[in-house]
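The block underneath contains the structure these notes are about, expressed in structure tokens.
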Amino acid sequence: MRIIPIPIFENNYSYLIVDDKANEAAAVDPAEPQKVLAVLAQTGAKLTSILTTHHHQKHSVGNIELVLTKPNLAVYGADARIPELNYVCKHNEEFTVGTLKVRSFHTPSHTKGSVCYYVRDGNEMNEELEKAIFTGDTLLTGGCGKFIEGDAKDMYNVLYNILGQLPRDTKVYCGHECALNNLQVNSILHPRCHITMSYINEKKRY
């Protein structure tokens with residue numbers, strides 16, 4: 001499994017998930033489709049799926065152009081407001097992209113229809129070699145998304161009872177680059193936390 005981050009807009013991320021064994025790819029929140037298609041062309045893989053984490057425009061608007069450019073795409077999500085949606089994911093449902101296993105988790109908090117996608121790559125022995133979770137605006141580096149259509153109780157349930165139960169070696173791919181802002185807020189709330197300060201200093205180097 002190859003995961004390629006694609007910076008879009010001011011601080012968003014799209015991702016390409018490439019299964020080299022099947023030469024197939026899925027795009028996560030491809031809101032600027034031309035950037036996604038340019039990266040896709042470099043991989044040589046066939047785009048078969050769009051994984052949409054929620055309906056907000058900076059995550060879903062590119063679905064329209066991608067479906068026109070690449071007919072017969074499976075467009076996954078859990079909110080009728082998502083453009084071109086043609087497959088409504090159930091909670092804890094599993095489907096595949098090539099040989100990769102994808103599990104959808106309903107994570108209502110940022111929006112009522114937010115979904116996180118848990119992707120696993122294995123070998124012929126059915127051993128899971130890589131695990132990744134794509135969290136959109138639910139879980140971010142150093143924080144979480146705003147409670148727009150949910151509340152703190154919803155977010156707590158999502159973070160601790162759903163995402164918090166994933167294996168510790170799961171890699172997290174979020175929808176925004178806001179780590180420094182989140183960590184700076186954390187440093188105000190927890191001024192004695194040396195770990196937070198070390199992360200802030202590291203982020204400032206880049």
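In this structure, the side chains of R120 and L100 stay at 4.5 Å or more apart for every pair of heavy atoms. When side chains are defined from C-beta on, V102 does not count as touching Y118, because their heavy atoms never get closer than 4.5 Å. Under the 4.5 Å side-chain criterion, counting only non-hydrogen atoms from C-beta, R103 is not in contact with Y117. In this structure, the side chains of C174 and L140 come closer than 4.5 Å at one or more pairs of heavy atoms. Between L47 and L16, the closest side-chain pair of non-hydrogen atoms falls below 4.5 Å. With contacts defined as side-chain heavy-atom distances shorter than 4.5 Å, the pair N12/E32 does not qualify. In this structure, L73 and L66 have side chains that are in contact, with non-hydrogen atoms separated by less than 4.5 Å. Looking at V119 and F134, their side chains come closer than 4.5 Å, going by heavy atoms from C-beta outward.
Using cut-offs of 30° and 60° for the angle between ring planes, the Y87 and F95 rings count as tilted. Using the six-membered ring where Trp is involved, H59 and H54 have ring planes that are tilted, between 30° and 60° apart. Under the 30°/60° scheme for interplanar angles, the aromatic rings of H91 and F105 are found to be tilted.
Look at D151 and K153 and you find no salt bridge, because none of the NZ, NE, NH1 or NH2 atoms lies under 4.0 Å from a carboxylate O. With respect to E149 and K112, no salt bridge is recorded, no charged nitrogen being found less than 4.0 Å from a carboxylate O.
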What side-chain donor-acceptor pairs closer than 3.5 Å can you find for residues 161-168, not counting sequence neighbours?
{"unit_1": "N161", "atom_1": "ND2", "unit_2": "N157", "atom_2": "OD1", "d": "2.8"}
{"unit_1": "Q165", "atom_1": "NE2", "unit_2": "Y160", "atom_2": "O", "d": "2.8"}

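By the side-chain contact (heavy atoms from CB on, under 4.5 Å) test, L85 is found to be paired with I82, V88, residues two or more places apart in sequence or in another chain being considered.
Residues near L129 contribute nothing to a hydrophobic cluster around it, because no ILVMFWY side-chain heavy atom sits closer than 4.5 Å to its side chain.
Under a hydrophobic clustering in which Ile, Leu, Val, Met, Phe, Trp and Tyr are joined whenever their side-chain heavy atoms come within less than 4.5 Å, directly or via other members, L159 and Y173 fall into different clusters. I148 and L139 are assigned to two separate hydrophobic clusters, defined by single-linkage of ILVMFWY side chains at heavy-atom distances under 4.5 Å. L68 and V36 are not part of a single hydrophobic cluster, where members link through side-chain heavy atoms under 4.5 Å apart. Follow the hydrophobic side-chain contacts under 4.5 Å out from V97 and you reach V28 in the same cluster.
Not a single donor-acceptor pair under 3.5 Å links the side chain of S60 to the backbone N or O of P83. Formation of a donor-acceptor pair under 3.5 Å by the T96 side chain with backbone atoms of K101 is not found in this model. Side chain of H110 to main chain of K146: a donor-acceptor pair is present (N/O by atom type, distance under 3.5 Å, no hydrogens or angles).
The shortest heavy-atom contact between A45 and A25 is CB-CB, 4.1 Å. A78 and V115 make their closest contact through CB-CG2, 3.3 Å (heavy atoms, listed as atom of the first residue, atom of the second, distance). Closest non-hydrogen pair, S104 versus C89, comes out as OG-CB, 3.4 Å. Nearest heavy atoms, T135 versus C116: CA-SG, 3.6 Å. Smallest separation of non-hydrogen atoms from G136 and T53: CA-OG1, 3.6 Å. Y13 and P5 make their closest contact through CD2-CB, 4.4 Å (heavy atoms, listed as atom of the first residue, atom of the second, distance).
With no hydrogens or angles considered, a side-chain donor-acceptor pair links T111 and S114 at under 3.5 Å. The closest side-chain donor-acceptor pair between D19 and T99 falls under 3.5 angstrom. With hydrogens and angles left out, the side-chain atoms of T52 and N63 include a donor and acceptor closer than 3.5 Å.
To the nearest 0.5 Å, the span separating CD1 on I8 from OG on S14 amounts to 3.5 Å. Separating the CD1 atom in I3 from the NZ atom in K171 is a distance of 7.0 Å, to the nearest 0.5 Å. For the atom pair M155 CE and T107 OG1, the distance stands at 8.0 Å (nearest 0.5 Å). Between atom CD of residue E84 and atom CD1 of residue I50 there is a gap of 8.5 Å, rounded to the nearest 0.5 Å. In this structure, M1 CE and I17 CD1 are separated by 7.5 Å, a value rounded to the nearest 0.5 Å.
K21 NZ: more than 12 foreign heavy atoms inside a 6.0 Å radius. Within a 6.0 Å radius of CG in D169, more than 12 heavy atoms belonging to other residues, nucleotides or ligands are found. Open room surrounds OH on Y156; 12 or fewer heavy atoms of other groups in view lie less than 6.0 Å from it.
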Step-by-step side chain to side chain contact (heavy atoms under 4.5 Å, CB included) determination, L51 to V75: CA-CA 6 Å; L51 309 181; V75 182; over 6 Å; no

Evaluation steps, side-chain hydrogen bond (donor to acceptor under 3.5 Å, both in side chains), between D137 and H176: CA-CA 7 Å; D137 288 1; H176 285 273; 3.1 Å; yes

Pair S49, Y76 - check side chain to side chain contact (heavy atoms under 4.5 Å, CB included), show working. CA-CA 7 Å; S49 310; Y76 293 90; 3.9 Å; yes

Before giving the answer on side chain to side chain contact (heavy atoms under 4.5 Å, CB included), spell out for L40 and K70 the whole-Å C-alpha distance, their side-chain angles and the decisive distance to 0.1 Å. CA-CA 12 Å; L40 177 71; K70 302 281 186 181; 4.1 Å; yes

Audit row: L37, T69, side chain to side chain contact (heavy atoms under 4.5 Å, CB included) steps and yes/no: CA-CA 9 Å; L37 289 171; T69 306; 4.0 Å; yes

